[in-house]
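Proteins get letters first, then strands, A, B, ... in listed order; numbering begins at 1 in each.
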2 protein chains.
Amino acid sequence: MSRSYGQYCGLAKTLDVVGDRWNLLIVRQLLVAPARYRELQDGLPGIATNLLADRLRDLETGGVVERRLAGEGNAIEYVLTPWGAELREPIEGLIRWSTPLMTSGPGNDRFRPEWLVVALPALLSGRGSATVGIAVDGQMLQVCGAEVSPHDGRDLEAIVRADAAVVLGLAAGALTLDGARGLVEIEGDEAAVRTVFDR
Amino acid sequence: MSRSYGQYCGLAKTLDVVGDRWNLLIVRQLLVAPARYRELQDGLPGIATNLLADRLRDLETGGVVERRLAGEGNAIEYVLTPWGAELREPIEGLIRWSTPLMTSGPGNDRFRPEWLVVALPALLSGRGSATVGIAVDGQMLQVCGAEVSPHDGRDLEAIVRADAAVVLGLAAGALTLDGARGLVEIEGDEAAVRTVFDR
DNA sequence: CCGCATCCTCATGGATACTG
DNA sequence: CAGTATCCATGAGGATGCGG
């Protein structure tokens, strides 16, 4: 566990539980879907294995994460508790806040398509239309409502670098986003991408 | 500066800027009001002075905080940039998330009335009525809409420990909160407490 | 393989003293 | 007042080991 701030303040208390390095990123991964230890490692490039184990223990004792036996045999799966899942709202707020940091595009940063599953609803929900930039093979496109066009230099809600499948999914989602609440769902690396509504 | 996660993800990018220990609490203080170095130290019990200096530098280069010359002479004041002030939304979300951690009351935690300036709007805004518990001199009261009564054991939005002046201000705010947006404003330690609307 | 635990090194945080 | 400088304790990061 991390050292407590010792302040009777909601923000400080929250940070006592999820403020340690990697903690909120672990929650982000579990907001995508419940996951095995190995899947968490894959979705959190850069984390040391001992830290992942430590943080999962902390989050478990903190009441944010539950470990449960899944499927066949003794496979362990990590799931957010109902309270832990309520971190979606503030996390979406933090993602929206990051927009100015994202519009410069990815440098040498890693990218995982699954992160879009949390980020896109955060950026696109609650607005009539939003403009998202996509960099594919060096080409910059923008998706705005029903239009997909080359990037014209205007402000973007976010820029994502993605493989072709994700771009197709994002475009499909954006095409029908106005009014409805869309979510791009990605399964696997080259996997099928489909658009889900009213999640 | 802190070590970057190196992930092209909005949450990770946000945490690269404000994820270090103490950073969000410094932002909380500056959401109350612009402040001098000394005032920040007072409002952040437990922070080491070198860390405060480090974090202020980080936040300044990160574009969250600006240092400016205030008033007479060469007095330095720290202010949130417009972008930094937009952290209010996710911070309010994190404060709301902390409710289960607050209802057990303050233990040996420090408490600063000014923290209510950020927390109370976060907990009370957007709802017809909210129930807030107040511990005064060992007595537990609850404020719900227009009623102030002894705590009856029901769920509370938050519990705050406060001096009499703050309680009066909170009650005054709660009494008129339905419909209007209220904010308890505290000045000084024993200072006048008044209720402001439509901030 | 998966799910961690151990060990080691170095960066960061924390407390205190000190300075322009 | 507004920070620096210093020193020590703790935590992060990386490699590796190990039982099921």
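For Y78(B), the side-chain atoms get nearest to dG3(D) when compared with the rest of dG3(D), dA15(D), dG13(D). Closest to the side chain of A53(B), from the set dG14(D), dA5(C), dT4(D), is dT4(D). Nearest to the side chain of R36(B), among dG3(C), dG14(C), dC1(D), sits dC1(D). Relative to the side chain of L51(A), the nucleotides dA12(D), dG14(C), dC1(D) differ in distance, and dA12(D) lies closest. Listed nucleotides dG13(C), dG3(C), dT4(D) differ in distance to R21(B); the shortest reach to its side chain belongs to dG13(C).
Counting non-hydrogen atoms under 4.0 angstrom, I76(A) reaches the backbone sugars and phosphates but no base.
When the C1' atom of dC4(C) is taken as reference, atom CD of E60(A) falls 13 Å away, rounded to whole Å. Straight-line distance from the CD atom of Q41(B) to the P atom of dG14(C): 14 Å, rounded to whole Å. Going from atom CG of L56(A) over to atom P of dC4(C) covers 8 Å, rounded to whole Å.
The shortest distance between the side-chain N/O atoms of R55(A) and the OP1/OP2 oxygens of dA12(D) is below 4.0 Å.
Ion pair D42(B)/R112(B) not flagged as a salt bridge, since none of the NZ, NE, NH1 or NH2 atoms sits closer than 4.0 Å to an Asp/Glu carboxylate oxygen. A salt bridge links R68(B) with E77(B); the closest basic N to acidic carboxylate O contact falls under 4.0 Å.
Checking side-chain atoms of W115(A) against main-chain N and O of L11(B) turns up no donor-acceptor pair under 3.5 Å.
Judged by closest nucleotide on DNA chain C, E77(A) is the one of N50(A) and E77(A) placed further toward the 5' end.
How far CZ of R28(B) is from CG of L94(B): 12.5 Å, rounded to the nearest 0.5 Å.
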